[in-house]
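Below you'll find the structure, written out as structure tokens, and then a few comments.
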Amino acid sequence: MNATPDLEHLRFNMIEQQIRPWDVLDFEILDLLAKIRREDYVPAAHRGLAFFDLEIPLEDVATAREPGQCMLSPKVEARVLQDLHIQKHETVLEIGTGSGFMAALLAQRAAQVLTLEIDSKLAATAAETLRRNGVMNVEVRHADGSQPLPSGPTFDVIVLSGSVARIPQGLLGSLKMGGRLAAIVGDEPMMRAHFVTRVGEGKWDTTQPWDTVAPRLLNFPVPSRFNF
């Protein structure tokens, strides 16, 4: 189904007024955001918010056990995607599938995407939405991304689609040489995007190019605020 002119106007405004001003200037990324229908991944109750500069709740499809899940704002998704510089031959692990929209974007840049979602209903809904939109190089797996991965697979790119209190050290070992991990790290009211690149055995380079705030991913450790 083709988008209506009103939706295309809202999509254009999202790109020009939210995403470009946030230093997302890669024409391939901007073109991708113009083509992938974000509204298809937004829960029906909140579809009118698809192009707004905010995090969209997913609670109408999430179980009551895991409240508070949401889609990241469009500018954050776009900036993460741009700054990872994903290549067409690369494999990607995403932690926190949510609606599946970020997985759909990643799938257009990479060879294969594995995305983990702790909420079984969200995982099933995202898998169906991706299938319905013809995204065939994404595997949605119902799993807790905070738990250690089975030994074996490594990835060129790991994306945490939510915030953590600190970089999960266990995930760094799942990066291939030259692989990159993107995470939003810290505590409210200010967090920083971290991009960690594996440059050798036991060696990583980290950059922190911009600030934002994002909801917590579930079950990742939170350091104590108290020192004794």
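Because only heavy atoms are used, hydrogens play no part in the values below, and waters and symmetry mates are left out as well, while side chains stay in.
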Salt-bridge present (Glu77, Lys75; N to O < 4.0 Å): no

Nearest heavy atoms of Gly98 and Ala126, plus distance in Å: O-CB, 3.7 Å

Criterion side chain to side chain contact (heavy atoms under 4.5 Å, CB included) on Ser146 and Leu217, from CA distance to verdict: CA-CA 8 Å; Ser146 71; Leu217 288 171; over 6 Å; no

Test item: side-chain donor near acceptor, Asp23 and Trp210, under 3.5 Å: no

Pro221 versus Ala165, closest heavy-atom pair with distance: O-CB, 3.8 Å

Check: Ser163 side chain, Ala214 main-chain N or O, donor-acceptor pair, under 3.5 Å: yes

Any donor-acceptor pair under 3.5 Å from Arg79 side chain to Trp22 backbone: yes

Under 3.5 Å donor-acceptor, His194 side chain and Arg192 backbone: yes

Nearest atoms (heavy-atom pairs only) where Ser161 meets Gly96: CB-O, 3.4 Å

hydrophobic_cluster_shared for Val76 and Ile29, side chain cutoff 4.5 Å: yes

Among Ile184, Leu171, Val185, the one residue meeting side-chain contact (heavy atoms from CB on, under 4.5 Å) with Leu160: Leu171

Partners meeting side-chain contact (heavy atoms from CB on, under 4.5 Å) with Glu90 (sequence neighbours left out): Ile86, Gln87, Asp156, Val157, Arg180

cation_pi(Arg11, Phe51) dist<6.0 Å, angle<=45: no

Residue pairs involving residues 105-116 (criterion side-chain hydrogen bond (donor to acceptor under 3.5 Å, both in side chains); sequence neighbours excluded): Glu28-Arg109, Glu94-Thr115, Thr97-Thr115

Phe220 side chain near Ile95 side chain, heavy-atom distance below 4.5 Å: yes

Arg198 side-chain N/O to Gly179 backbone N/O, donor-acceptor pair under 3.5 Å: no

Distance-only side-chain donor-acceptor flag, Glu117 / Gln69, under 3.5 Å: yes

Side chain to side chain contact (heavy atoms under 4.5 Å, CB included) between Lys176 and Thr91, intermediate numbers included: CA-CA 10 Å; Lys176 294 179 181 178; Thr91 57; 3.9 Å; yes

Distance-minimising heavy-atom pair for Ala182 and Leu84: CB-CD2, 3.8 Å

Single-linkage hydrophobic cluster, 4.5 Å side-chain cutoff, Val159 and Ile167 together: no

Within 6.0 Å of NZ in Lys88, more than 12 heavy atoms from elsewhere: yes

Euclidean distance, Ser73 OG relative to Leu54 CG, rounded to 0.5 Å: 8.0 Å

Phe52 with Ile19, same ILVMFWY side-chain cluster at under 4.5 Å: yes

Gln82 side chain vs Leu25 backbone, donor-acceptor pair below 3.5 Å: yes

Heavy-atom closest contact (Pro57 atom, Pro43 atom, distance): O-CG, 3.7 Å

Evaluation steps, side chain to side chain contact (heavy atoms under 4.5 Å, CB included), between Val24 and Leu30: CA-CA 8 Å; Val24 180; Leu30 296 172; 4.1 Å; yes

Distance, nearest 0.5 Å, that separates OH of Tyr41 from OG1 of Thr125: 13.0 Å

Phe101 CZ to Glu39 CD distance, which is reported to the nearest 0.5 Å: 8.5 Å

Interatomic spacing from CD1 in Ile36 to CE in Met102 - rounded to 0.5 Å: 12.0 Å

Beyond-backbone contact of Asp187 with Arg216, side-chain heavy atoms, under 4.5 angstrom: yes

Side chain to side chain, Val213 and Pro189, heavy atoms closer than 4.5 Å: no

4.5 Å side-chain heavy-atom contact, Leu49 and Val42: no

Expected output: side-chain Asn133 to main-chain Val135 donor-acceptor under 3.5 Å: no

Under 3.5 Å: donor-acceptor pair, side chain of Thr197, backbone of Val199: no

Short side-chain to backbone donor-acceptor contact, His142 and Ile118, under 3.5 Å: yes

Steps toward side chain to side chain contact (heavy atoms under 4.5 Å, CB included) verdict (Leu105, Leu32): CA-CA 7 Å; Leu105 294 174; Leu32 186 59; 4.0 Å; yes

Minimum side-chain heavy-atom gap Thr206-Phe195 below 4.5 Å: no

Atom pair CG (Leu72) and OG1 (Thr212), whose distance is rounded to the nearest 0.5 Å: 8.0 Å

The single option from Thr154, Leu116, Ile158, Leu114 passing side-chain contact (heavy atoms from CB on, under 4.5 Å) against Leu149: Leu116

Exercise: identify the closest heavy-atom pair between Met191 and Gly186: CG-C, 3.7 Å

Arg47 side, atom CZ; Ile56 side, atom CD1 - distance, nearest 0.5 Å: 10.0 Å

Partner of Phe155 under side-chain contact (heavy atoms from CB on, under 4.5 Å), chosen from Leu93, Leu181, Val92: Leu93

Main-chain N/O of Ala107 paired with Asn137 side-chain donor or acceptor, under 3.5 Å: yes

